K.L.:
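Handing you a structure now.
Values in this document were obtained by computation on a predicted structure and should not be read as measured data. For this chain, numbers begin at 1 and follow the sequence in order.
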Amino acid sequence: MAATSISSRQFEIIEAAGRILSTSGVNGLTIKNLAQEMKFSESAIYRHFASKEEIVVAMLEYLAENMDERLQKVAPAHNKPAEKLEAIFLDQIAFFSKNPHFVVAVFSDGLMEVSQKINAAILHIMQVKMKHLMPVIVEGQQQGLFTNAITTEELTHIVMGSFRLQMFKWRIANFQFDLHRQGTSMLQAILTLIKN
């Protein structure tokens, strides 16, 4: 289900599911709890989604499409590869700061064991991020700005892994530290490591 095909009611359900994930974790996300959160009947939820899995998959698919649209706009606005990398990171940090429930959806280990559909949706998010990061890293390497001692793919994985760790730390700290400040510090460390 693409983000553009999600109805406003389905989006409300996704947002409410995200709030429950943030406060109660994967086990707290049930159709019953969701209905209570939204002051709906359970049957009203089922009119929009067949299952909890479908809700989580829709949330992840919405995030992938939203990220793709945002990152297409943000990187071309900058000339230098390091600036593009910084713009991508800061845009992601700004989005997750405003929408922490998506952090829980993407970075909850419990979700990954639930289903192949959820795994596929998480993999798609990773592919979207790689689609935007890899050309920036290739450009930096071709211009001799980023190290060529490591392959583009491995460098992309290091950058993504660092971001993932930062988001995971923020989630387990219950979103209590300044993500922008910590994220910016981590980004500067990454740039120091990968620059020639």
K.L.:
Would you indicate whether the side-chain heavy atoms of Ile45 and Ile55 approach each other to under 4.5 Å?
P.N.:
yes

K.L.:
May I ask you to decide whether Asp91 forms a salt bridge with Lys73, counting only side-chain N to carboxylate O separations under 4.0 Å?
P.N.:
no

K.L.:
Which pairs of donor and acceptor atoms, one on a side chain in residues 15-23, lie under 3.5 Å apart (sequence neighbours left out)?
P.N.:
from, atom 1, to, atom 2, distance (Å)
Glu15, OE1, His101, NE2, 2.8
Arg19, NE, Glu37, OE2, 2.9
Arg19, NH2, Glu37, OE2, 3.3
Ser22, OG, Gly18, O, 3.0
Thr23, OG1, Arg19, O, 3.1
Thr23, OG1, Ile20, O, 3.4

K.L.:
A side-chain contact here means heavy atoms from C-beta on lying under 4.5 Å apart; do Gln166 and Phe89 qualify?
P.N.:
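No. Closest side-chain heavy atoms not under 4.5 Å.
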
K.L.:
Stepwise, does the side chain to side chain contact (heavy atoms under 4.5 Å, CB included) test hold for Ile194 with Leu85?
P.N.:
CA-CA 11 Å; Ile194 71 172; Leu85 195 63; 3.9 Å; yes

K.L.:
Same cluster or not: Val128 versus Ile118, using hydrophobic residues (I, L, V, M, F, W, Y) connected whenever any side-chain heavy atoms lie under 4.5 Å apart?
P.N.:
yes

K.L.:
If two hydrophobic side chains count as joined below 4.5 Å and joins carry through other members, does Ile14 share a cluster with Met38?
P.N.:
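Yes.
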
K.L.:
If you take all heavy atoms of Ile93 and Gly183, which pair is closest and at what distance?
P.N.:
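Scanning both residues completely, I find the closest heavy atoms to be CD1-CA, 3.6 Å.
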
K.L.:
Please round to the nearest 0.5 Å and tell me the distance separating atom CG of Leu60 and atom CG of Leu123.
P.N.:
11.5 Å

K.L.:
Indicate the ring-plane relationship of Tyr62 and Phe102, choosing parallel, tilted or perpendicular according to the 30° and 60° boundaries.
P.N.:
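Aromatic pair Tyr62/Phe102 classed parallel.
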
K.L.:
Roughly how far, to the nearest 0.5 Å, is NZ of Lys129 from CD of Gln92?
P.N.:
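Here the rounded value is 4.5 Å.
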
K.L.:
Can you tell me if Ser185 uses its side chain to pair, donor with acceptor, with the backbone of Arg181 under 3.5 Å?
P.N.:
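Answer holds: no.
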
K.L.:
A side-chain contact here means heavy atoms from C-beta on lying under 4.5 Å apart; do Phe163 and Ile190 qualify?
P.N.:
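They are not in side-chain contact.
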
K.L.:
Does a side-chain heavy-atom distance below 4.5 Å link His180 with Leu90?
P.N.:
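Side chain of His180 against side chain of Leu90, heavy atoms only: contact under 4.5 Å found.
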
K.L.:
Cation-pi check for Phe175 against Lys98: NZ or CZ below 6.0 Å from the six-membered ring centre and within 45 degrees of the axis, yes or no?
P.N.:
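Verdict for Phe175: no cation-pi partner in Lys98.
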
K.L.:
I need the His157 NE2 to Thr152 OG1 distance, nearest 0.5 Å.
P.N.:
11.0 Å

K.L.:
Which heavy atom of Leu179 sits nearest a heavy atom of Ser97, and at what distance?
P.N.:
CD2-OG, 3.6 Å

K.L.:
At what distance, to the nearest 0.5 angstrom, does CG of Leu191 lie from CE of Met186?
P.N.:
9.5 Å

K.L.:
Applying a strict under-4.5 Å side-chain criterion to I, L, V, M, F, W and Y, I'd like to know whether Tyr46 and Val56 cluster together.
P.N.:
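Tyr46 and Val56: one cluster.
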
K.L.:
If Ile, Leu, Val, Met, Phe, Trp and Tyr residues are connected whenever their side-chain heavy atoms lie under 4.5 Å apart, and connections chain through other members, are Val159 and Met126 in the same group?
P.N.:
yes

K.L.:
Going through the distances and angles, do Phe95 and Leu63 end up as a side chain to side chain contact (heavy atoms under 4.5 Å, CB included)?
P.N.:
CA-CA 10 Å; Phe95 175 82; Leu63 177 59; 3.3 Å; yes

K.L.:
Anything under 3.5 Å between a donor and an acceptor, one on a side chain of residues 25-36, the other on a protein residue two or more places apart or in another chain? List them.
P.N.:
from, atom 1, to, atom 2, distance (Å)
Thr30, OG1, Asn33, N, 2.9
Thr30, OG1, Asn33, ND2, 3.3
Asn33, ND2, Gly28, O, 2.7

K.L.:
Contact between Glu54 and Lys117 at the side-chain level, heavy atoms closer than 4.5 Å - yes or no?
P.N.:
no

K.L.:
Please say yes or no: joined through hydrophobic side-chain contacts below 4.5 Å, possibly via intermediate residues, are Leu165 and Ile122 part of one cluster?
P.N.:
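Different hydrophobic clusters.
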
K.L.:
To the nearest 0.5 angstrom, please state how far the NZ atom of Lys131 sits from the CE atom of Met67.
P.N.:
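Lys131 NZ to Met67 CE: 11.0 Å, rounded to 0.5 Å.
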
K.L.:
Check whether any side-chain heavy atom of Lys84 lies under 4.5 Å from a side-chain heavy atom of Glu139, and answer yes or no.
P.N.:
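When only atoms from C-beta onward are counted, Glu139 and Lys84 do touch, with a gap below 4.5 Å.
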
K.L.:
Give a yes or no answer on whether the side chain of Gln176 reaches the backbone of Asn174 with a donor-acceptor pair at less than 3.5 Å.
P.N.:
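The answer is yes, because a donor-acceptor pair under 3.5 Å joins these two groups.
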
K.L.:
For His48, is there any backbone N or O sitting under 3.5 Å from a side-chain donor or acceptor partner on Gln10?
P.N.:
yes

K.L.:
Distance check, rounded to the nearest 0.5 Å: Asn196 atom CG versus Gln141 atom CD?
P.N.:
9.0 Å

K.L.:
Which pair of heavy atoms, one from Val136 and one from Phe146, lies closest together, and at what distance?
P.N.:
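Heavy-atom minimum between the residues: O-CE1, 3.9 Å.
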
